[in-house]
Every structure is written in structure tokens, then in C-alpha cells.
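Here the structure comes first, spelled out in C-alpha cells, and everything after it is commentary.
Quick note: numbers below take in every heavy atom, side chains included, and nothing from hydrogens, waters or symmetry partners. Note that the structure is a prediction, hence the values are computed from the model and not measured. Throughout, residue positions are numbered sequentially from 1 according to the sequence presented. Read the numbers this way: they start at 1 and go in the same order the structure lists the ligands and their atoms.
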Amino acid sequence: MVPVKKSGMIDRWVKKHLVLYTGATSHPFILSIRDGTIDFSSFKRWLGQDYIFVREFVPFTASVLLKASKNSDDSSDMEVILSGLASLSDEISWFKQEAAKWDVPLSDVIVHKSNQNYCRFLESLMLPELEYSVVVTALWAIETVYQESFSHCLEDDSKTPPELLEACKRWGSEGFGEFCRSLQNIVNQCLEKASEEELIKAEVTFLRVLELEIEFWNMSQEGAK
Ligand SMILES: Cc1ncc(CO)c(N)n1
């Protein structure tokens, strides 16, 4: 039997699932920001829902950090994930400020179905029995979808409305890109050592993140479902 080469697994998965990946990273909602045609009511809906999501994302990231500290031989893993966790504090403050600017009341946001599904998925990944390789793959995928998406809104020929530039820079900028690449290296190293069963679980998790991200953009663009 020819041994399966596992290095650079992420690149291979992205190529293999390019249609779904592109669906998540070049969604019509993002393209409407990029071409300046976005309806601000959609942006406001996204803002309120994403605030809820990010609050759930904090304990999820903390659970990945905990697994990194127990399972990884490389102490730099822990430092990368810790920096991601630390930046969520500033992110929550940013959401509050931005919501005040757009008159989005955060205290009584009704959590939409797609967001509920996504938050429930995050909760399921926090279970202690879920392997580090699987959950760090999810963390990478979640962050990378936002990085790739919002970076399109900063491209030279984009017509992103100036009011939305700050949001786009938060995830689309080079600094966040660097963080995502560090995560990608961690994931690739982890997957090199993973069992066949873990690899399958990680790939399924990656695909589930892409689907949930697409549903999240759909919800933002189309309203409550
Ligand atoms: C739905 C969603 N996916 C990813 C991110 C990136 O942190 C976010 N803030 N929200």
C-alpha cells in the first residue's frame, strides 16, 4: 500500500473542497460589501448576531487552549492560541462600540436559528473527549473564513463603504492573516501525527464549519429564517 502523505493537509483539503470553501469565503454578503451595494440593515443584523457568536467563541477558544496546553509538545501552540483568546477581549469591546454607533441594541438580540446551530456546534466541540487536532482544525477554519472573506473587501479595486472599513480591517488585515497562518501550521503539524480516524473527524469538522459559515452569511443577508 502506498503510504498517504499527510503534510500540508490543509492545502489539500482546501483544494479538494474548493467549491464549499469559496462559498464561505466569497459569499454574496461579503461581495456586496466589496462592491459597495450592501444594505446597511444586513450589516446591522450581522453585527448583532456576530456579537452573540463571539461571546460563545470565547469559551470555545479557551477550551482549545486548555487542550493545547495538555496535548501539544510544542509550547508555541499555546502562545498562538492565547494571543487569539486575548484579542477577543478587544473584539467584544469593538462590537459594543460599533453596535452603539449603528443603534443595534445588543441586550435584546434574538438569536437566529443559523446562529443557534453554530453556537450549539461550538458547544459540542468543547466536550473534553474531543481531540485537540479536531478542535484546533475548527478554530483555524472559523478564523480563516473571516480572514479570507474580509480581505476581499480591502483589495485595491474594492468599493467598500468607508463606514465598514474598520470591520473589514479587523479580520482582513495582514496581522490577522499572520495569526491564521500560524494556526494553519499548528493544524498541519497536528494532523501529521493524527490517526486515520482523527483525520476523518477533522476533515468533517472543517466541512461543517464551512457550511455553518455559509448559513451565517445567508442569515445576515436574508434575515430571520
Ligand atoms: C460567524 C463567525 N465566524 C468567524 C468569526 C471569526 O472570529 C466570527 N467573528 N464570526
Take D90 and R170 through the salt bridge (charged side-chain N to carboxylate O under 4.0 Å, His left out) test and state the conclusion after the steps. CA-CA 11 Å; D90 178 63; R170 177 159 282 283; 3.1 Å; yes

Do E123 and R120 meet the salt-bridge criterion of a basic N to acidic O distance under 4.0 Å? no

Compute whether any side-chain donor of one residue and acceptor of the other, for E213 and Y118, lie under 3.5 angstrom apart. yes

Can a donor-acceptor pair be found between the side chains of Q221 and W217 at a distance below 3.5 Å? no

One thing to verify: whether E178 and R181 come together as a salt bridge, which I'm taking to mean a side-chain N less than 4.0 angstrom from a carboxylate O. yes

Ligand 1: protein N/O within less than 3.5 Å of ligand N/O:
{"from": "ligand 1", "atom 1": "3 (N)", "to": "E213", "atom 2": "OE1", "distance (Å)": "3.3"}
{"from": "ligand 1", "atom 1": "3 (N)", "to": "E213", "atom 2": "OE2", "distance (Å)": "2.7"}
{"from": "ligand 1", "atom 1": "7 (O)", "to": "E143", "atom 2": "OE1", "distance (Å)": "2.8"}
{"from": "ligand 1", "atom 1": "9 (N)", "to": "D50", "atom 2": "OD2", "distance (Å)": "2.9"}
{"from": "ligand 1", "atom 1": "10 (N)", "to": "D50", "atom 2": "OD1", "distance (Å)": "2.7"}
{"from": "ligand 1", "atom 1": "10 (N)", "to": "D50", "atom 2": "OD2", "distance (Å)": "3.4"}
{"from": "ligand 1", "atom 1": "10 (N)", "to": "Y146", "atom 2": "OH", "distance (Å)": "3.2"}

What is the ring orientation for W46 with F29, classed by angle as parallel under 30°, tilted 30 to 60°, or perpendicular over 60°? tilted

